[in-house]
Amino acid sequence: MRLTKKRKAQEILSILKTLYPDATCSLDYQTPVQLLVATILSAQCTDERVNKVTPNLFARFPDAPSLAHAHREEVETLIRSTGFFRNKAKNIQGTCLKIVKEFNGEVPQTMKELLTLPGVARKTANVVLAHAFGIIEGVTVDTHVKRLSNRLGLTKNSQPIQIEKDLMKLLPQPEWENFSISIIYHGRAVCNARKPQCDMCQLIHLCSDYKKNQKK
DNA sequence: ATCCCGAGGG
DNA sequence: CCCTCTGGAT
């Protein structure tokens, strides 16, 4: 192997940073609770669509107590277009109720506590910790991070938790969330699921999938 | 492994 | 019609 996998990962990150210097969390929010809710809504849904429903949702129910005690049907109606709206409404209200009752109205700031909230697993927890509190606990692995990490050859695993462990070994801890954010931008703009734009891609010299397809 | 679920693109 | 979108719980 000419390039160690670690070296390759950092090279990828370096290029992505130059391509997307202003990459940030694309969800709109004002408070940690709102970021948490927006992130729950982002499951299997574009952030663009989430940002279309959250202004109305947060205007009506701006905080954890109001969301926790809202009528389920009204919450469902407000978030309907994001899909999975029954599960998401139940999880948002369950999470907000737990925040009010067990966490003194504040979003908890540890992975362990966040994972006790309904509808919150490592992906959502990593996003909230990083962007609401500046705590880099792990690598956010969503559908884009999963797809690109596999295509680029940074992991051979398909389960998000295993992919996260692999990426944590390959990248310096302070860069974990920067990697996720910028690779998500690249996944949306260039390396999309259906038809990756390899002719536009700045990473093809580092891409296992591109090399494999060249051989055939 | 399967279910939840709407909207947009091809 | 089929696939995909910053997943999580059963």
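A note on names: the letters A, B, ... follow the listed sequences, proteins ahead of strands, and every chain is numbered from 1.
- A salt bridge does not link A:Lys52 with A:Asp47: none of the charged nitrogens is closer than 4.0 Å to a carboxylate oxygen.
- Rounded to whole Å, the P atom of C:dT6 lies 15 Å from the corresponding atom of B:dG10.
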Item to check | Per-nucleotide protein contact string for nucleotides 3-10 of chain C, where B marks a base within reach and S marks sugar-phosphate only (heavy atoms under 4.0 Å, - for neither) | outcome: BSBBBSS-
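- Annotation: C:dT4 and B:dC4 have their C1' atoms spaced 16 Å apart (nearest Å).
- Listed by first then second residue, pairs satisfying ring pair (Phe, Tyr, Trp, His ring centres under 6.0 Å) with a partner in residues 104-130 of chain A number zero, not counting sequence neighbours.
- Partners of A:Arg60 according to the side-chain contact (heavy atoms from CB on, under 4.5 Å) rule, which considers only residues two or more places apart in sequence or in another chain, are A:Glu74, A:Leu78.
- Residues passing the side chain to side chain donor-acceptor pair (under 3.5 Å) test with A:Arg49: none are found, sequence neighbours excluded.
- A straight line from CG of A:Leu41 to P of B:dA7 spans 14 Å, rounded to a whole angstrom.
- Taking A:Met111 as the reference, A:Leu115, A:Arg122, A:Ala125, A:Asn126, A:Leu129, A:Glu137 meet the side-chain contact (heavy atoms from CB on, under 4.5 Å) condition, with sequence neighbours excluded.
- Distance noted for atom C1' between C:dC2 and B:dC5: 16 Å (whole Å).
- Phosphate contact (OP1/OP2 of B:dC5, side-chain N/O of A:Arg86, threshold under 4.0 Å): present.
- Rounded to the nearest 0.5 angstrom, A:His144 NE2 and A:Arg188 CZ are separated by 6.0 Å.
- Between atom CG of residue A:Leu206 and atom CD1 of residue A:Ile12 there is a gap of 5.0 Å, rounded to the nearest 0.5 Å.
- A heavy atom lying under 4.0 Å from DNA chain B marks the following residues of residues 63-80 of chain A, by number: A:Arg80.
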Item to check | Step-by-step side chain to side chain contact (heavy atoms under 4.5 Å, CB included) determination, A:Ser26 to A:Tyr185 | outcome: CA-CA 10 Å; A:Ser26 331; A:Tyr185 270 65; 4.0 Å; yes
